[in-house]
**Student:** 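Have a look at this one before I ask anything.
Bear in mind the structure is a predicted one, so any value in this text is a computation, not a measurement.
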Amino acid sequence: MTKVQWLIEDLFENNEELIQEIYLQDMSAKCIKYKPFLNDQELPFGPNECVIALGSINLCRQVQRTQSWYPGTWVDWNNFNCLTYYAYFGKYLLNKEYRILPLGEAIRKFNLYRAMWDRVFIRPCDGSKSFSGQEITEDLFKHSEQYGKPELPVILSPYQTVHSEFRVFVSENEVLGGSMYYDGQGNLNPRPLDFENDHKVVNFANKLLQSVPWKPAPIFCFDIGFNGSGDIGLVELTSFNCCGWYATETKKIVAKAKELALREYNEFCGNYN
């Protein structure tokens with residue numbers, strides 16, 4: 001019988017709880033510290049094994065480039081690009097009033113959007129998040145080369161404070177669990193998703209799943225937030241393999257990932273034990 005193995009970067013908050021659950025479900029896990037130019041000899045699993053990798057974007061890219069693991073990761077970077085998923089989920093975004101344009105044009109037209117919105121938020125479109133979303137300041141004009149080439153697609157939108165934010169793990173039209181990570185005052189204060197008391201978040205996640213047939217991956221996350229007016233909306237899609245779990249309860253999500261991993265391994269390796 002094929003055994004699912006997990007490669008976990010020593011990066012996130014609740015690794016110990018996650019690893020304990022992995023072992024309880026008859027799987028194994030190895031923790032590593034990622035370093036640039038990590039070579040194959042430093043990775044603990046061989047070719048064509050059933051492995052789930054969790055960690056930074058750099059680690060996941062390394063796994064995709066160099067390993068023949070199944071599944072390895074469930075990250076199609078194009079699917080997590082805003083240019084792709086906004087086409088499907090755009091009307092559910094917390095900030096629907098956005099513009100997509102090249103970085104060079106965003107800088108050139110900054111005063112136009114500042115006059116329109118007062119405060120302007122910028123983030124990259126790419127799923128690998130080449131820089132962090134932030135309010136535009138004069139620093140961007142002075143050091144724009146640090147953010148990317150002038151042709152880099154970016155999103156401009158009115159700046160707004162997200163008062164509370166949740167990460168919700170979903171797969172195959174089911175809400176598996178999640179965590180609030182920013183509380184109602186905008187403080188980092190994680191707690192598990194409560195299906196009863198957080199019914200607005202759970203219902204909204206179910207609405208997204210039922211309303212949009214397209215999905216970026218077999219398992220992924222909705223980041224869902226509330227603004228100062230109490231409006232709920234989608235902040236972004238996040239990949240399962242590269243996201244923090246915060247205070248998420250692990251049992252159901254680990255079981256689902258195991259099921260998906262074995263399904264993919266058996267499909268590609270023909271090992272239907």
Side-chain angles (χ1 to χ4, degrees), residues 8-21 54-57 80 82 85 89 92-98 114 117-124 127-140 146-147 154-170 175-208 220-254:
I8 302 176
E9 186 174 355
D10 187 9
L11 181 69
F12 299 129
E13 305 82 4
N14 59 345
N15 273 357
E16 290 183 6
E17 179 184 344
L18 174 60
I19 291 170
Q20 182 180 21
E21 185 59 43
L54 298 182
S56 63
I57 289 170
F80 288 95
C82 297
Y85 73 80
F89 291 98
Y92 299 107
L93 292 169
L94 187 62
N95 201 335
K96 300 180 182 69
E97 192 179 351
Y98 64 86
R114 181 167 61 179
W117 296 329
D118 185 32
R119 299 173 69 184
V120 183
F121 181 82
I122 188 170
R123 61 153 294 168
S128 57
K129 298 181 180 178
S130 51
F131 65 89
S132 298
Q134 60 197 268
E135 184 177 3
I136 293 184
T137 65
E138 295 302 320
D139 182 67
L140 179 61
Q146 297 179 7
Y147 295 86
V154 298
I155 293 172
L156 296 187
S157 59
Y159 182 89
Q160 61 176 311
T161 301
V162 179
H163 283 255
S164 58
E165 192 164 350
F166 293 76
R167 176 153 292 162
V168 182
F169 289 74
V170 298
V175 174
L176 302 172
S179 174
M180 181 194 75
Y181 51 103
Y182 286 118
D183 63 19
Q185 286 72 49
N187 301 311
L188 184 61
N189 187 21
R191 64 162 176 79
L193 180 71
D194 185 323
F195 276 71
E196 182 175 344
N197 293 324
D198 297 323
H199 61 275
K200 287 185 178 180
V201 175
V202 175
N203 290 344
F204 185 72
N206 278 319
K207 180 179 179 180
L208 295 176
F220 65 99
C221 299
F222 293 127
D223 284 357
I224 295 170
F226 292 88
N227 63 19
S229 302
D231 301 319
I232 189 171
L234 178 66
V235 177
E236 64 179 340
L237 300 188
T238 306
S239 74
F240 171 82
N241 301 91
C242 302
C243 73
W245 288 46
Y246 298 105
T248 299
E249 295 177 348
T250 59
K251 183 176 182 179
K252 190 171 184 179
I253 299 167
V254 167

**Student:** Can you confirm whether or not the ring centre of W245 sits under 6.0 Å from the ring centre of Y181?
**Tutor:**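 No, the ring centres sit 6.0 Å or more apart.
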**Student:** Without swapping roles, check the side chain of D231 against the backbone of N227 for a donor-acceptor pair under 3.5 Å.
**Tutor:**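 Here the side-chain-to-backbone pair does not exist.
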**Student:** Distance from F240 atom CZ to C221 atom SG, nearest 0.5 Å?
**Tutor:**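 Taking CZ in F240 and SG in C221, the distance rounds to 7.5 Å.
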**Student:** Does a salt bridge link R191 with D198, judged by any charged N lying under 4.0 Å from a carboxylate O?
**Tutor:**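 Yes, this pair counts.
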**Student:** So, taking the atom named CG in N15 and the one named CD1 in I8, what distance separates them when rounded to the nearest 0.5 Å?
**Tutor:**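 Answer rounded to 0.5 Å: 5.5 Å.
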**Student:** Taking all atoms of both residues into account, what is the closest heavy-atom pair of Q160 and L94, and its distance?
**Tutor:**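 Heavy-atom minimum between the residues: NE2-O, 3.5 Å.
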**Student:** Nearest 0.5 Å please: distance from the NZ atom of K200 over to the NZ atom of K207.
**Tutor:**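 Separation between the atoms: 13.0 Å.
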**Student:** So, for T248 and S179, which heavy atoms are closest and what is the spacing to 0.1 Å?
**Tutor:**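 Minimum heavy-atom separation between T248 and S179: OG1-CB, 3.3 Å.
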**Student:** Give, for atom CG of L208 and atom CD1 of I224, the distance between the pair rounded to the nearest 0.5 Å.
**Tutor:**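 Result: 5.5 Å between the selected atoms.
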**Student:** Is there a side-chain contact between F204 and F222 (heavy atoms, below 4.5 Å)?
**Tutor:**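 Not in contact.
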**Student:** Please find the pair of heavy atoms, one from P158 and one from N95, that lie closest to each other, and give the distance.
**Tutor:**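 That would be O-ND2, 2.7 Å.
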**Student:** Just jot down the salt bridge (charged side-chain N to carboxylate O under 4.0 Å, His left out) partners of K129, sequence neighbours excluded, or say none.
**Tutor:**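 Counting only residues at least two positions away or on another chain, K129 forms a salt bridge (charged side-chain N to carboxylate O under 4.0 Å, His left out) with E236.
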**Student:** Without swapping roles, check the side chain of S157 against the backbone of Y98 for a donor-acceptor pair under 3.5 Å.
**Tutor:**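 Not at all, since once roles are kept as given, no pair shorter than 3.5 Å links the two residues.
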**Student:** First locate atom OH of Y85, then atom CG of L237, and finally report the distance between them rounded to the nearest 0.5 Å.
**Tutor:**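 That separation rounds to 5.0 Å.
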**Student:** With a 3.5 Å distance limit and no angle check, can you tell me whether E165 reaches the backbone of Y182 through a side-chain donor-acceptor pair?
**Tutor:**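 A pair under 3.5 Å: no.
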**Student:** Nearest 0.5 angstrom please: I122 CD1 to F131 CZ, how far?
**Tutor:**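 The distance works out to 4.5 Å.
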**Student:** Is there a side chain to side chain contact (heavy atoms under 4.5 Å, CB included) between F226 and V201? Walk through the geometry before answering.
**Tutor:** CA-CA 9 Å; F226 292 88; V201 175; 3.7 Å; yes
**Student:** Search all heavy atoms of Y246 against all heavy atoms of L188 and return the closest pair with its distance.
**Tutor:**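 Scanning both residues, the minimum pair turns out to be CE2-CD1, 4.2 Å.
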**Student:** Quick one: does any side-chain atom of R167 pair with a main-chain N or O of G244 as donor and acceptor, under 3.5 Å?
**Tutor:**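 At least one qualifying donor-acceptor pair exists.
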**Student:** Take L54 and L18 through the test side chain to side chain contact (heavy atoms under 4.5 Å, CB included) and record every step on the way to the result.
**Tutor:** CA-CA 11 Å; L54 298 182; L18 174 60; 3.6 Å; yes
**Student:** Looking only at side-chain N and O atoms, does W117 offer a donor or acceptor that is under 3.5 Å from a partner on E97?
**Tutor:**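 Yes, W117 and E97 have a side-chain donor paired with an acceptor closer than 3.5 Å.
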**Student:** Do you know the tightest heavy-atom contact between S130 and P124?
**Tutor:**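 Closest approach of S130 to P124, heavy atoms only: OG-CB, 3.6 Å.
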**Student:** Within a 6.0 Å radius of atom NZ on K96, are there more than 12 heavy atoms belonging to other residues, nucleotides or ligands?
**Tutor:**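 It does: K96 NZ has more than 12 such atoms within range.
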**Student:** Can you give me the closest heavy-atom contact between E135 and F121, atom names plus distance?
**Tutor:**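 Where E135 meets F121 most closely, the heavy atoms are N-CD1, 4.1 Å.
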